[in-house]
Q: 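Next up is a structure, given as C-alpha cells.
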Amino acid sequence: MTPAELSEALRAVLTAAVADGSLPLDPAAVPADVVVERPRSREHGDWATNVAMQLAKKAGMAPRAFAEVLAARLADVPGVASVAIAGPGFLNITLDVAAAGELARTVVEAGAGFGRGTALAGERINLEFVSANPTGPIHIGGVRWAAVGDSLARMLQACGADVVREYYFNDHGSQIDRFARSLLARARGQEAPEGGYGGQYIADIADSVLERVRAAGEPDPLTLSDDEAQEVFRAHGVELMFGEIKAKLHDFRVDFDVYFHEDSLHESGAVERAVTRLRELGHVYEADGATWLRTTEFGDDKDRVILKSDGQAAYIAGDLAYYLDKRERGFDRAIIMLGADHHGYIGRMMAMCSAFGDTPWVNLEILIGQMVNLVKDGEPVRMSKRAGTIVTLDDLVDAVGVDAARYSLARSSADSMIDLDLDLLTRATNENPVFYVQYAHARTRNVARNAADLGVRREDGFDPSLLDHVSESTLLAKIGEFGRVVLQAAELREPHRVARYLEELAGAYHKWYDQKRFVIPKGDEDVADVHRTRLWLNDATGTVLANGLDLLGVSAPERM
RNA sequence: GCCCCCGUAGCUCAGUGGAUAGAGCAUCGGACUUCUAAUCCGCAGGUCGCAGGUUCGAAUCCUGCCGGGGGCGCCA
C-alpha cells in the first residue's frame with residue numbers, strides 16, 4: 001500500500017463519515033488530498049495524519065473525538081493493521097507488513113515511471129533560466145541556475161506539466177557593443193576599451209573570428225572602417241560565444257528548447273506592439289522627452305521609462321514584448337529565475353504583468369536565487385569579467401565533474417547563499433553527498449548482479465510479509481514518500497528537496513544492507529522466497545534512487 | 001532611508017503550524033573469514049540571533065530590534 005493509496009482511503013472514510021452524519025462537517029471542507037506523513041518517531045506507526053486536528057474546529061468537535069470516528073472506520077480498511085490516536089489528535093496508522101511490502105513490487109513494476117504523476121497535467125509552463133549575456137563564458141552564478149532550473153524543469157515534467165526550457169539571449173544593446181569593441185581592439189593588438197571585456201577568451205574569440213572571416217573569403221575586418229569592422233566582430237563573435245555557451249550547457253546536461261533572441265523582438269516590431277498595447281490600455285504617458293509605463297499604479301515604487309528620450313528602447317521594453325510573446329505562445333505561466341542582484345525587478349515586472357491585465361504570481365512568477373561565492377584559501381575570490389578572473393562552468397566541471405557540480409548546486413535551497421570552497425571541491429570526493437547517494441545506487445546494482453549469479457530471480461516468488469524487519473519497514477516507508485516529495489519540490493519550485501530526500505533514502509538503504517540480512521543465500525543455503533522478496537526491495541530502492549538522480553540530472557552509476 | 005534573502009550542533013546546511021528539532025562533515029569509541037568499509041553502530045554536541053504577539057500547538061506565521069549578504073539607473 002502506497003501512502004497515496006492510504007491517503008485516498010482516508011479521504012473515502014472521511015467522506016463516508018460526513019455523508020452519514022457521523023461528522024457534522026460541510027462536505028466541501030473535506031480536503032481533496034489528505035496529507036499522510038511519516039511520524040517523526042518510529043514508535044508512532046508507519047504513517048500519521050493530522051487531519052482530525054485540522055478539521056475538528058470546523059465540525060465543532062474536540063480533535064480527539066473527531067479522530068475517534070475516523071479511527072474506528074479506518075481500522076476496517078484492508079491493509080491497515082492498527083490505528084491509534086495520540087497526543088492532541090494525531091491518527092497513527094500501522095499497516096500490515098504484507099500491505100506495506102507490496103510497495104516493493106509496485107515500484108519495480110512502475111520502473112522509471114515511479115514517482116511520476118499527473119498532478120500538474122494541463123499546465124503549460126515556460127521556464128526561463130540562465131539567460132546569461134553572450135559576452136563571455138557562463139560564470140559560476142549562471143551555473144547554479146543551470147543546475148537548479150533544469151532540475152526543476154525535470155520535476156515539473158515528472159508531475160505532468162508541459163514545460164518549455166527557455167534561454168533569453170541578450171543580443172541587443174550596449175553590452176554587446178562593448179563586447180564587439182573589445183574583440184576588435186584585441187584583434188588590433190590594442191587595450192580593451194573603457195567598460196569592455198578582458199580575459200583570454202576575448203583573444204581566442206577574436207582569433208576565431210579572423211579565421212572564420214578569412215576561411216569564408218570575406219574582406220579582412222582589420223582593413224575596414226571602425227563601424228564595419230565592429231559589426232563583423234559583433235556578428236561572428238556573438239555567434240561563436242553563443243555556440244560555446246550552448247555546447248557547455250549541453251555537456252552540463254542542460255538543453256534548452258528555445259533560445260530566444262532579444263534582438264528579434266526589436267527587429268520584428270514586437271516591442272512597438274507591446275508599447276502600443278499598453279498605451280491603448282491607458283498605462284503609458286510621456287514626460288521629460290521619454291515614454292513611461294505607470295507601474296506605480298500596480299505597486300511598483302516608481303514609474304519606469306520604456307522608451308528613452310534618445311528614442312532607444314529601455315531594457316524593460318524588451319521584457320514587455322518578451323512576456324507578451326510568451327503569453328501569446330500559449331503559456332499559462334512564465335517562470336523566470338533570476339539572481340539576487342535582480343530582485344529589484346520584481347516590482348516592475350509584476351506591475352507590467354498587471355498592466356497587461358494578467359495576474360502577478362500566477363501568470364508570471366519570478367524566482368530569486370541567492371549568490372554563489374567562491375572561497376579559496378579561506379578567502380573570498382573576487383571575480384571580474386573585465387579582468388578575466390572568473391570561474392566558469394568549465395572550471396567547475398573540470399574540478400569536480402558534472403555530477404558533483406550539479407548535485408552540490410542543486411541540493412541547497414535557492415534562498416541560501418552558497419560558498420563554494422575551491423580547495424575543498426578540487427579534492428572533494430567523500431565530502432560530497434552525491435557520492436553517498438550514487439554509491440547506494442551502485443550497491444543496489446551490485447547486489448542485483450550477485451543475486452542473479454546465484455540464481456535468485458524476482459519472478460520466482462514474492463512474499464511481502466517477509467519484509468518484517470524494522471530496517472525494511474523504514475526503507476519501504478521512505479520509498480513511499482518519493483511521489484509526494486517530487487510533487488512538493490515541483491509545486492514549491494524547490495528542487496533541493498529531492499536531493500535531500502535521496503540522501504535519506506540512501507541512508508535507509510545502507511542501514512538495511514548492513515543489517516546483514518542477506519539478499520543472496522548465505523553459504524549453502526537454498527534460494528528461498530526471503531531472498532527473492534529482498535531482491536524486490538533492493539531493486540525497488542535502486543529504481544527510486546535512479547529516478548531521483550535523473551530528476552537532478554545526475555548519473556546513477558552501475559558500479560563505483 | 002526603503003526592498004529582498006539568510007541567522008538552527010564546532011563547520012556546511014535540512015526542516016512551507018504538529019509529537020522528544022535532524023543529516024553530512026569534523027572529534028572520540030566500535031564493526032569486514034561470505035553480496036562493495038565511498039558503508040554501518042555508538043558517544044558527544046542546541047537559550048532554533050534577541051524581544052514581544054497570534055493559538056490547542058511556533059524553528060516555521062505577524063511586529064520590532066541585532067548581525068551578515070544583495071538591491072534600489074532614461075545601464076543591460
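Residue numbers begin at 1 in each chain, while the letters A, B, ... track the order of the sequences. As a basis for the values below, the full set of heavy atoms in this structure was taken, side chains included, without hydrogen atoms, waters or symmetry mates.
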Q: Counting just side-chain N and O atoms, does A:K302 come under 4.0 Å of either OP1 or OP2 of B:C72?
A: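 Checking A:K302 against B:C72: no side-chain N or O falls below 4.0 Å of OP1 or OP2.
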Q: Under 4.0 Å between any heavy atoms, over every strand shown, what does A:M560 touch: base, sugar-phosphate, or nothing? Just pick one.
A: base
Q: Examine the base of B:A19 for any acceptor or donor lying under 3.5 Å from a partner atom in the side chain of A:N92, and report the outcome as yes or no.
A: yes
Q: Which pair of non-hydrogen atoms, one from A:R532 and one from A:G461, has the smallest distance, and what is that distance?
A: CB-O, 3.4 Å
Q: Say you pick atom C1' in B:U12 and the same atom in B:G45; how far apart are they, in whole Å?
A: 16 Å
Q: With rounding to whole Å, what would you report as the distance between B:C65 and B:C4 at their P atoms?
A: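 Nearest-Å result for B:C65 against B:C4 at atom P: 13 Å.
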Q: May I ask you to evaluate whether A:K308 reaches the phosphate of B:G73, defined as a side-chain N or O under 4.0 Å from OP1 or OP2?
A: no
Q: What's A:I368 touching, base or sugar-phosphate or nothing? Going by heavy atoms closer than 4.0 Å.
A: nothing
Q: If you measure from the ring centre of A:Y436 to the centre of the six-membered ring in the base of B:G24, is it under 5.5 Å, with the planes under 30° apart?
A: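 Aromatic stack with B:G24 absent for A:Y436.
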Q: Does the plane of the ring in A:H283 sit parallel, tilted or perpendicular to the ring in A:F298? Use 30° and 60° as the thresholds.
A: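 It falls in the perpendicular class, over 60°.
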Q: Measure from the side chain of A:D288, starting at C-beta and using heavy atoms only, and say which of B:G18, B:C74, B:G70 lies closest.
A: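 The nucleotide sitting nearest to the side chain is B:C74.
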Q: Is atom CD of A:E272 surrounded by more than 12 heavy atoms (other residues, nucleotides or ligands) closer than 6.0 Å?
A: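 Result for CD/A:E272: open.
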Q: Could you check which of B:G70, B:C13, B:A19 has an atom nearest any side-chain atom of A:H44?
A: B:A19
Q: Give the rounded distance in Å between these two atoms: CZ of A:R64 and P of B:G18.
A: 19 Å
Q: Hey, does A:G173 reach any base, or is it just sugar-phosphate, or nothing, if we go heavy atoms under 4.0 Å?
A: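 It contacts sugar-phosphate atoms only.
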Q: Give the minimum heavy-atom separation between A:L535 and A:A451, together with the two atoms involved.
A: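 Residues A:L535 and A:A451, closest heavy atoms: CD1-CB, 3.9 Å.
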Q: Quantified in whole Å, what is the P atom distance between nucleotide B:G70 and nucleotide B:C74?
A: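 Per the computed distance, 23 Å lies between those P atoms.
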Q: When you get a sec, tell me which of B:U39, B:C56, B:C74 is the closest nucleotide to the side chain of A:R443?
A: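 The closest nucleotide is B:U39.
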Q: Does B:A14 have A:H496 stacked on its base, where the ring centres are within less than 5.5 Å and the planes differ by under 30°?
A: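 According to the criterion (under 5.5 Å, under 30°), no, A:H496 does not stack.
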Q: Does the side chain of A:Q175 pick up a donor-acceptor pair with the side chain of A:T135 at under 3.5 Å?
A: no
Q: In whole Å, what separates the P atom of B:U60 from that of B:U54?
A: 15 Å
Q: Figure out the NZ/P separation between A:K57 and B:G18, and round it to whole Å.
A: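 Going from A:K57 (NZ) to B:G18 (P), I get 16 Å.
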Q: Measuring from the side chain of A:D341 (C-beta onward, heavy atoms only), which nucleotide among B:G71, B:U55, B:G18 has the closest atom?
A: B:G71
Q: Using the P atoms only, state how far B:A59 lies from B:A51, rounded to an integer number of Å.
A: 13 Å
Q: Would you tell me if any nitrogen or oxygen in the side chain of A:S416 comes within less than 4.0 Å of OP1 or OP2 on B:A14?
A: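 It does, given that an N or O in the side chain of A:S416 lies less than 4.0 Å from OP1 or OP2 of B:A14.
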Q: Give the C-alpha distance, both sets of side-chain angles, the deciding distance and a yes or no for salt bridge (Lys or Arg N to Asp or Glu O under 4.0 Å) between A:E194 and A:R178.
A: CA-CA 8 Å; A:E194 184 66 26; A:R178 281 181 210 161; over 6 Å; no
Q: Just checking A:A414: base, sugar-phosphate only, or nothing, at a heavy-atom cut-off of under 4.0 Å?
A: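 It contacts nothing in the nucleic acid.
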Q: Provide the distance between the two P atoms, one in B:G53 and one in B:G68, to the nearest whole Å.
A: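 Roughly 28 Å separates the two P atoms.
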Q: Please work out if A:A86 contacts a base, only the sugar-phosphate, or nothing of the nucleic acid, heavy-atom cut-off 4.0 Å.
A: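 Base, at least one base heavy atom under 4.0 Å.
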Q: Verify whether one side chain among A:T94 and A:D46 offers a donor that lies under 3.5 Å from an acceptor in the other.
A: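 Judged by distance alone, the side chains do not pair up.
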Q: Which residue lies toward the 5' end of RNA chain B, A:F90 or A:A440, if each is placed at its nearest nucleotide?
A: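 Upstream on the strand: A:F90.
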Q: Roughly how far apart, to the nearest Å, are B:U47 and B:C62 at atom P?
A: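 B:U47 and B:C62 have their P atoms separated by 25 Å.
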Q: Which residue is it: A:L537, A:D539, A:N538? I am looking for the one with a side chain to side chain contact (heavy atoms under 4.5 Å, CB included) to A:V108.
A: A:D539
Q: Are any of A:R497's side-chain N or O atoms less than 4.0 Å away from OP1 or OP2 of B:G15?
A: yes
Q: Which of the following nucleotides, B:A37, B:G18, B:A14, is nearest to the side chain of A:Y439?
A: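 Nearest to the side chain of A:Y439 among the choices is B:A37.
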Q: If pairing requires Watson-Crick or G-U wobble contacts with both distances under 3.5 Å, which nucleotide is the partner of B:C13?
A: B:G22
Q: Verify the contact: side-chain N or O of A:Y513 to OP1 or OP2 of B:A37, cut-off strictly under 4.0 Å; return yes or no.
A: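 For B:A37, OP1/OP2 do have a side-chain N/O of A:Y513 under 4.0 Å.
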Q: From C-beta outward on A:P88, which listed nucleotide comes closest to its side chain: B:A19, B:C74, B:G18?
A: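 For the A:P88 side chain, the nearest candidate turns out to be B:G18.
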Q: Determine the Euclidean distance between corresponding C1' atoms of B:C66 and B:G52; express it in Å to zero decimal places.
A: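 One C1' to the other, the span is 15 Å.
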Q: Between A:E37 and A:G507, which has a closest nucleotide on RNA chain B that is more 5'?
A: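 Nearest nucleotide further toward 5': that of A:E37.
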Q: Compare the minimum distances between each of B:G70, B:C74, B:U39 and the side chain of A:D514, then state the nucleotide with the smallest one.
A: B:U39
Q: Between B:C4, B:C75, B:A38, which nucleotide has the shortest distance from any of its atoms to the side chain of A:H343?
A: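 Nearest to the side-chain atoms of A:H343, counting from C-beta on, is B:C4.
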Q: Can you tell me the Watson-Crick or wobble partner of B:C61, both distances under 3.5 angstrom?
A: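 In the structure as shown, B:C61 has B:G53 as its Watson-Crick or wobble partner.
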Q: Can you tell me the Watson-Crick or wobble partner of B:G7, both distances under 3.5 angstrom?
A: B:C66
Q: Check the distance between B:C13's P and A:L409's CG and give it to me in whole angstrom.
A: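 Computing the A:L409:CG to B:C13:P distance gives 13 Å.
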Q: Just to be sure I understand the rule, does A:R559 reach a base, reach only the sugar-phosphate, or reach nothing, if contact means heavy atoms closer than 4.0 Å?
A: base
Q: Return the nucleotide paired to B:U33: Watson-Crick means purine N1 to pyrimidine N3 with N6-O4 or O6-N4, wobble means G-U with N1-O2 and O6-N3, both under 3.5 Å.
A: none
Q: Mind calculating the distance between CZ (A:F435) and C1' (B:C25) to the nearest angstrom?
A: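 In whole Å, B:C25 C1' and A:F435 CZ are 15 Å from each other.
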Q: Which atom names give the shortest non-hydrogen contact between A:L545 and A:H441, and what distance separates them?
A: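 Closest heavy-atom pair between A:L545 and A:H441: CD1-N, 3.7 Å.
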Q: Look at the side chain of A:L492 and decide which nucleotide, out of B:C74, B:C75, B:U16, has an atom nearest to it.
A: B:U16
Q: Look at the side chain of A:Q488 against the base of B:U16 and say whether a donor-acceptor pair falls under 3.5 Å; ignore hydrogens and angles.
A: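 Indeed, a donor on one side and an acceptor on the other fall under 3.5 Å apart.
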Q: Quick one, A:R497 with A:E491, criterion salt bridge (Lys or Arg N to Asp or Glu O under 4.0 Å). Give me CA distance, side-chain angles, the key distance, then yes/no.
A: CA-CA 11 Å; A:R497 288 169 182 274; A:E491 287 183 326; over 6 Å; no
Q: Given B:C72, is OP1 or OP2 found less than 4.0 Å from the side-chain N or O atoms of A:R348?
A: no
Q: Send over the distance from A:H342 NE2 to B:G73 P, rounded to a whole Å.
A: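 Rounded to the whole Å, the gap is 13 Å.
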Q: Tell me: CG of A:D300 to P of B:C74, nearest whole Å?
A: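 Answer to the nearest Å: 12 Å.
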Q: Quick one: look up who B:C72 pairs with, Watson-Crick or G-U, both distances under 3.5 Å, and put none if it's unpaired.
A: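 Across any shown strand, B:C72 pairs with B:G1.
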Q: Heavy atoms under 4.0 Å, any strand shown: does A:A340 hit a base, just sugar-phosphate, or nothing?
A: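 Sugar-phosphate, backbone atoms only, no base.
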Q: At 4.0 Å (heavy atoms only), tell me whether A:S174 reaches a base, stays on the sugar-phosphate, or touches nothing.
A: sugar-phosphate
Q: Can you tell me the distance, in whole Å, between the CZ atom of A:F66 and the P atom of B:C56?
A: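 In whole Å, B:C56 P lies 17 Å from A:F66 CZ.
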Q: Is the phosphate of B:U39, meaning OP1 or OP2, less than 4.0 Å from a side-chain N or O of A:K511?
A: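 No, because none of the side-chain N or O atoms of A:K511 sits under 4.0 Å from OP1 or OP2 of B:U39.
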Q: What's the CD1-P distance between A:I418 and B:G7, to the nearest Å?
A: 14 Å
